[in-house]
Trainee: 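For reference, the structure I am asking about is given below.
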There are 2 protein chains.
Amino acid sequence: MKSATRPYHHGNLRQELLRAAEAALEARGVQQLSLRELSRELGVSHASPQRHFPTKQDLLNALATAGFQRFDSIAAKAAAASGQNFHARLTKVALAHLGFALKHPALLALMFEAKRQPAMPPELLTALHAAFSHIPRILKEGQDAGKIVPGDPYRLALTIGAVVQGLVAISIDGKIKGDSLKVIVPEILGHVLNGLGTSKLKA
Amino acid sequence: MKSATRPYHHGNLRQELLRAAEAALEARGVQQLSLRELSRELGVSHASPQRHFPTKQDLLNALATAGFQRFDSIAAKAAAASGQNFHARLTKVALAHLGFALKHPALLALMFEAKRQPAMPPELLTALHAAFSHIPRILKEGQDAGKIVPGDPYRLALTIGAVVQGLVAISIDGKIKGDSLKVIVPEILGHVLNGLGTSKLKA
DNA sequence: ACCTGAACACCGTTCAAGT
DNA sequence: ACCTGAACACCGTTCAAGT
């Protein structure tokens, strides 16, 4: 112990609240997440979060925003390969998405809940757009290379986004068991990508 | 007014609680749903729900179960056509699913939340299985007729289920605007069903 | 069997006051 | 600027008691 005196200012309360909140979120669910409990856990007064997060929803939004940012950096890495095998690249991004979902199921659920808010904070919107930019970008590249059917890439991305988000729901629900994910997901995506690829267009 | 005397027994409290709860759910969200508020609305004491729903979660589970039952009857109607055009029948079931989602978004979200419960009540499980039985059944028929790729129909159904559930998420989020749903959904499903149809298998 | 009223242990949020 | 302590208006749940 470096010092026996704890300062009046916590100094790092905002960060610690986010960290503790995410742990509690995954452990006990959003429903059970309580600001007062977090305060107790961190040894501060129950009113102290208010300076950093005026309302509980502000904490949840901050959690969702940070989630989208982490999600973006993972997806960006998966999308980074610049080869011409668009099928493989799209599959990698989808698997990254799914990996995040299985590691942080409650956080991802919170992120999608946050999307449904009437008035979304601008940082959340920005983080969200960044996180969902990779699939349309790859599709666009695929179209330019003549390997993906023509059409608005954002619209085509909905197809893949829908499948992936649906797979997330199904995976988290435990309908797909553990390791078989690595088999089933490429198979399912294969069906979908077959429908998007030009090679099958006029069969 | 038939009678000025209100009986001590409400007589229909269970039903009325479910009705009022669903209305409040769609109007204000799960987060804001309060048993005490429902009791006030129905003019009963705040402790009266307990006899019918020992805990708040029991009310939510009953709501989810009723939701799956309604959902099942709608999906059953959509699946009823017995023609050989499996593509069209699957699209009909998917559109029925999506229609339900757009009409009762909060209820459907609750239904999928309920699926994530550690200990699911048996009636909920039964209702859920019934609701999700139609797509595998049609796929099986399609396989028997040689129009759908071989493989476990439940596994293939995951593909369609994933797409539909993903479309639900996207539609509710308002990323697809109103009427264009009728155009976009068959288009997206077309991509997926192309991937499942035998006619494109060896292109 | 079904409902009431009081009680208990929690919440989120506000606000004057302290450092 | 950041945190505290008391206060306010809510919750869900329990339980003896009423009908």
Side-chain angles (χ1 to χ4, degrees), chain A residues 3-64 106 110 113-114 117-119 121, chain B residues 3-64 106 110 113-114 117-119 121:
Chain A
S3 162
T5 66
R6 259 188 266 103
Y8 179 77
H9 285 58
H10 185 286
N12 208 21
L13 187 54
R14 203 196 129 92
Q15 288 285 332
E16 290 285 300
L17 278 169
L18 285 172
R19 193 195 49 69
E22 185 174 343
L25 175 69
E26 294 292 351
R28 288 179 291 279
V30 214
Q31 210 68 239
Q32 311 289 353
L33 196 152
S34 141
L35 293 179
R36 287 176 105 111
E37 191 187 336
L38 296 179
S39 298
R40 260 179 258 127
E41 193 183 326
L42 299 178
V44 294
S45 99
H46 67 260
S48 65
Q50 252 80 357
R51 184 74 33 170
H52 305 283
F53 306 104
T55 192
K56 188 180 180 180
Q57 188 58 52
D58 291 311
L59 208 200
L60 298 181
N61 284 337
L63 226 38
L110 182 79
E113 261 295 306
Q117 256 173 141
Chain B
S3 163
T5 67
R6 260 188 265 103
Y8 180 78
H9 286 57
H10 184 287
N12 207 22
L13 187 54
R14 204 194 129 92
Q15 288 287 331
E16 290 285 301
L17 278 169
L18 286 172
R19 193 194 49 68
E22 186 174 341
L25 176 70
E26 295 291 353
R28 288 179 291 280
V30 213
Q31 209 67 240
Q32 311 290 353
L33 197 154
S34 141
L35 292 178
R36 287 175 106 111
E37 192 187 334
L38 295 180
S39 298
R40 262 178 257 125
E41 192 184 325
L42 298 179
V44 294
S45 100
H46 67 259
S48 65
Q50 252 79 356
R51 184 74 32 171
H52 305 283
F53 306 105
T55 191
K56 188 181 179 179
Q57 189 59 52
D58 291 310
L59 208 199
L60 298 181
N61 284 337
L63 227 35
L110 182 80
E113 262 296 304
Q117 257 172 143

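Proteins get letters first, then strands, A, B, ... in listed order; numbering begins at 1 in each. Note that the structure is a prediction, hence the values are computed from the model and not measured.
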Trainee: Going 5' to 3' through nucleotides 5-10 of chain C, assign each nucleotide B (protein heavy atom under 4.0 Å from a base atom), S (under 4.0 Å only from sugar-phosphate atoms) or - (no protein heavy atom that close).
Mentor: BBB---

Trainee: What is the distance from CZ of Arg14(B) to C1' of dA1(C), rounded to the nearest Å?
Mentor: 15 Å

Trainee: Which value, rounded to the nearest 0.5 Å, describes the distance between Lys56(B) atom NZ and Asn61(B) atom CG?
Mentor: 12.5 Å

Trainee: Which value, rounded to the nearest 0.5 Å, describes the distance between Leu59(A) atom CG and Glu22(A) atom CD?
Mentor: 11.0 Å

Trainee: Rounded to whole Å, how long is the line connecting atom CD of Gln32(A) with atom P of dG12(D)?
Mentor: 13 Å

Trainee: Can you tell me the distance, in whole Å, between the CG atom of Leu35(B) and the P atom of dG12(D)?
Mentor: 5 Å

Trainee: Using Watson-Crick and G-U wobble pairs whose two distances are both under 3.5 Å, how do you write the pairing of DNA chain D as dot-bracket, with | for links to another strand?
Mentor: ||.|||||...|||||.||

Trainee: Could you tell me the separation between the CG atom of Asp58(A) and the P atom of dT14(C), rounded to a whole number of Å?
Mentor: 10 Å

Trainee: Could you tell me the separation between the CG atom of Leu18(B) and the NE2 atom of His52(B), rounded to the nearest 0.5 Å?
Mentor: 10.0 Å

Trainee: Where along residues 49-57 of chain A does a heavy atom fall under 4.0 Å from DNA chain C?
Mentor: Gln50(A), Thr55(A), Lys56(A)

Trainee: Expressed as a whole number of angstroms, how long is the span from Leu38(A):CG to dG12(C):P?
Mentor: 8 Å

Trainee: Any chance you could measure Leu13(A), atom CG, to Ser39(A), atom OG, to the nearest 0.5 Å?
Mentor: 7.5 Å

Trainee: Which one, dT4(C), dC11(C), dG12(D), comes nearest to the side chain of Glu37(A)?
Mentor: dC11(C)

Trainee: From CG of Leu33(B) over to P of dG12(D), roughly how many Å is that when rounded to an integer?
Mentor: 8 Å

Trainee: Just verifying a value: how many Å separate Gln31(A) CD and Glu113(B) CD, rounded to the nearest 0.5 Å?
Mentor: 8.0 Å

Trainee: Round to a whole Å and report the spacing from CG of Leu60(A) to P of dC11(C).
Mentor: 15 Å

Trainee: Could you state the CD-P distance from Gln31(B) to dG12(D), rounded to the nearest angstrom?
Mentor: 12 Å

